[in-house]
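Notes to accompany the following structure.
Proteins get letters first, then strands, A, B, ... in listed order; numbering begins at 1 in each. Every value quoted in this text rests on a predicted model; they were computed, and no experiment measured them.
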There are 2 protein chains.
Amino acid sequence: MQDLSSQESVQTSIDEAVVSGILSARIRPGTRLSENEVASLFNVSRTRVREAMMRLEQRGIVKVSPRRGWFVVEPSAEEAISVYAARRVIEAGLLRSMDRLTESGCEKLQAHLAEEEAAIAAGDRQRLTCLMGDFHIRIAELSGNPILVEILRDLTARTILISLIYQSDFHAMQSHLGHCRIVASMEEGDFEKAAALAVEHLDEVETGLDLTRRPDPLADLRRSLSLPPQVPASSNASRKTKT
Amino acid sequence: MQDLSSQESVQTSIDEAVVSGILSARIRPGTRLSENEVASLFNVSRTRVREAMMRLEQRGIVKVSPRRGWFVVEPSAEEAISVYAARRVIEAGLLRSMDRLTESGCEKLQAHLAEEEAAIAAGDRQRLTCLMGDFHIRIAELSGNPILVEILRDLTARTILISLIYQSDFHAMQSHLGHCRIVASMEEGDFEKAAALAVEHLDEVETGLDLTRRPDPLADLRRSLSLPPQVPASSNASRKTKT
DNA sequence: ACGACAAATCTTGCATACAAGACAGACTAG
DNA sequence: CTAGTCTGTCTTGTATGCAAGATTTGTCGT
């Protein structure tokens with residue numbers, strides 16, 4: 001964070017800093033973003049921060065609670081469902097609209113899959129979260145359509161927030177395999193199949209969520225005290241003690 | 001505009017006023033939106049207007065030219081292509097993701113088609129522009145996904161701006177027939193076909209654009225002086241004197 | 001008559017000041 | 001000891017003030 005306080009091209013860097021913080025899961029859902037604190041971190045006045053927050057709010061990334069503060073969104077169960085549905089629609093539509101995979105596109109995807117494997121091997125979970133989201137952005141980039149890239153970037157950010165709330169355990173390998181299958185189909189030129197696999201992949205991830213779980217207002221405190229992440233809250237959950 | 005100056009629930013009404021102005025083609029691409037003027041129209045200070053502009057900029061609806069002013073975007077040819085491509089992807093994906101058409105959904109679509117016909121019969125071009133865009137929003141609404149609705153609303157706004165720049169003549173009947181065909185397929189439950197028709201429909205509209213045309217910076221003045229809309233700008237344009 | 005220069009005006013960029021409301025903590029009464 | 005209230009503090013909401021830059025218009029020189 002030290003590097004942010006020095007006044008660089010601070011133009012839109014507040015927005016980017018927040019988004020990249022979310023994409024890499026450094027910022028948790030419900031995090032409070034005080035105008036004053038952010039302002040002093042970036043050595044600007046509250047005006048600029050507010051403008052950034054307004055933009056981020058429009059993107060569905062933060063919300064304001066009147067006279068209380070700005071918070072990173074905690075998508076509700078319904079919102080989570082909408083986000084996944086939107087991603088299925090857009091990503092499937094995107095893949096189906098493709099007709100060929102360029103040489104360089106193929107290389108980029110392979111490079112990405114290699115990175116995923118490396119992160120899995122290294123057990124770098126934060127980097128993995130980031131990469132798992134980035135995969136879908138990479139695909140959008142192949143289309144060369146900046147509008148779709150932007151839309152999927154924001155949906156990915158929201159997806160990560162959703163995972164942090166509702167996903168109990170992260171099946172990295174399963175997701176990675178899903179990605180591999182999608183890329184394989186694309187290389188075969190079977191984009192219809194790739195689209196179907198993408199839908200299936202998103203379904204898998206969505207199914208892995210526990211949407212009955214409520215966002216935990218005590219998450220910060222809990223983490224600070226090194227308590228177990230959250231009580232499973234289901235009726236027979238107490239039996240599944242993890243020690 | 002009188003009704004806007006009275007301070008109602010001015011909360012987000014600036015945004016909505018601008019967007020609805022664009023959706024109904026009352027606001028042309030390139031229109032300057034002075035912070036001071038808008039502020040006095042809404043009886044608020046520049047702060048609120050700036051916030052609204054920031055949000056609208058994020059939505060790709062206005063742009064700021066530094067120290068010069070805010071302008072309704074004039075999408076370039078490439079941007080126009082991206083917008084249509086994005087709409088094809090999303091709308092086709094949306095239709096393909098549907099599996100049934102509810103009774104009430106069917107009624108809403110039919111009601112919309114009836115409105116289109118009424119507007120065609122009445123020759124109400126402004127209303128027609130609005131309805132033609134709204135059709136696609138209606139379809140998104142059927143999905144019940146607010147995220148997709150929002151995305152398509154903004155893309156529709158940009159589409160209308162694109163039409164106003166690049167579309168020489170508006171084939172209302174052709175578009176209406178396209179809509180009818182899409183709805184017919186949906187009623188048959190053949191969403192695959194509906195998706196294909198939607199892509200075809202968007203292709204038709206896009207093909208009808210003259211993307212070589214440049215946005216005319218003198219459009220306002222020209223219209224005020226009742227001059228012909230735009231010189232054809234081809235090499236032998238000077239010969240075509242219109243007196 | 002035409003072109004260049006300069007000042008005046010108008011625009012946004014940004015910071016700051018003040019107001020209104022929410023929350024927390026202390027204090028008091030029962 | 002507990003419940004309720006009240007005040008102080010901290011937050012955002014909104015307006016305003018000033019600075020920097022771009023445009024335009026008026027003027028002057030050629």
Side-chain angles (χ1 to χ4, degrees), chain A residues 4-18 27 30-74 215 217-221 224, chain B residues 4-18 27 29-74 215-222 224-225:
Chain A
L4 291 178
S5 53
S6 60
Q7 47 172 33
E8 321 160 23
S9 66
V10 203
Q11 288 303 0
T12 60
S13 73
I14 298 178
D15 308 54
E16 282 178 28
V18 173
I27 301 181
T31 302
R32 187 186 141 88
L33 296 173
S34 155
E35 290 184 4
N36 280 320
E37 288 178 16
V38 176
S40 44
L41 273 178
F42 284 86
N43 278 103
V44 294
S45 93
R46 277 179 53 215
T47 308
R48 307 270 310 263
V49 178
R50 274 183 75 76
E51 289 172 353
M53 290 299 166
M54 297 279 169
R55 283 188 294 263
L56 290 171
E57 184 179 39
Q58 191 63 50
R59 293 166 67 178
I61 289 175
V62 304
K63 266 222 165 307
V64 64
S65 178
R67 314 248 179 212
R68 282 182 25 85
W70 294 90
F71 299 88
V72 175
V73 293
E74 298 179 291
L218 305 176
D220 285 351
L221 183 56
S224 305
Chain B
L4 291 177
S5 52
S6 60
Q7 47 175 32
E8 322 157 27
S9 66
V10 202
Q11 288 303 2
T12 60
S13 73
I14 298 179
D15 308 53
E16 281 179 28
V18 173
I27 302 181
T31 301
R32 187 187 143 86
L33 296 173
S34 158
E35 290 184 3
N36 280 320
E37 289 179 14
V38 177
S40 44
L41 274 178
F42 284 85
N43 278 100
V44 294
S45 91
R46 279 179 50 218
T47 309
R48 308 271 309 265
V49 178
R50 275 183 75 76
E51 289 172 352
M53 290 298 164
M54 298 278 171
R55 285 189 293 263
L56 290 171
E57 185 179 38
Q58 191 64 50
R59 293 166 68 178
I61 289 174
V62 305
K63 266 224 164 310
V64 64
S65 178
R67 310 246 178 216
R68 281 179 27 82
W70 295 91
F71 299 89
V72 175
V73 293
E74 299 179 290
D216 181 7
L218 305 177
D220 285 350
L221 185 55
R222 218 181 286 277
S224 305
L225 299 175

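Proximity of a side-chain donor or acceptor of Ser65(A) to a complementary backbone N or O of Arg68(A) within less than 3.5 Å is not detected.
The shortest side-chain heavy-atom distance between Val38(B) and Val18(B) does not fall under the 4.5 Å cut-off.
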- [ ] Given side chain to side chain contact (heavy atoms under 4.5 Å, CB included), test Gln58(A) with Met54(A) step by step and report yes or no.
- [x] CA-CA 6 Å; Gln58(A) 191 63 50; Met54(A) 297 279 169; over 6 Å; no
Task: Stepwise side chain to side chain contact (heavy atoms under 4.5 Å, CB included) check, Leu33(A) with Leu56(A) - done: CA-CA 12 Å; Leu33(A) 296 173; Leu56(A) 290 171; 5.6 Å; no
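Atom CG of Asn43(B) and atom P of dT16(D) are 12 Å apart (whole Å). Here dT14(D) presents its C1' atom at 10 Å from CE of Met54(A), a figure rounded to the nearest Å. In this structure, CZ of Arg48(A) is placed 17 Å from P of dT12(C), rounded to the nearest angstrom.
Distance check, rounded to the nearest 0.5 Å: CZ of Phe71(A) to CE of Met53(A) gives 11.0 Å. Atom CD of Glu51(B) and atom CD1 of Ile14(B) lie 9.0 Å apart (nearest 0.5 Å).
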Between protein and nucleic acid, restricted to nucleotides 8-12 of chain D and to nitrogen or oxygen atoms under 3.5 Å apart, what atom pairs and distances do you find?
from	atom 1	to	atom 2	distance (Å)
dT11(D)	O3'	Arg32(A)	NH2	3.1
dT12(D)	OP1	Glu35(A)	N	3.2
dT12(D)	O2	Arg67(A)	NH1	3.2

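Here Thr47(A) does not reach the OP1 or OP2 of dC14(C): none of its side-chain N or O atoms lies under 4.0 Å away.
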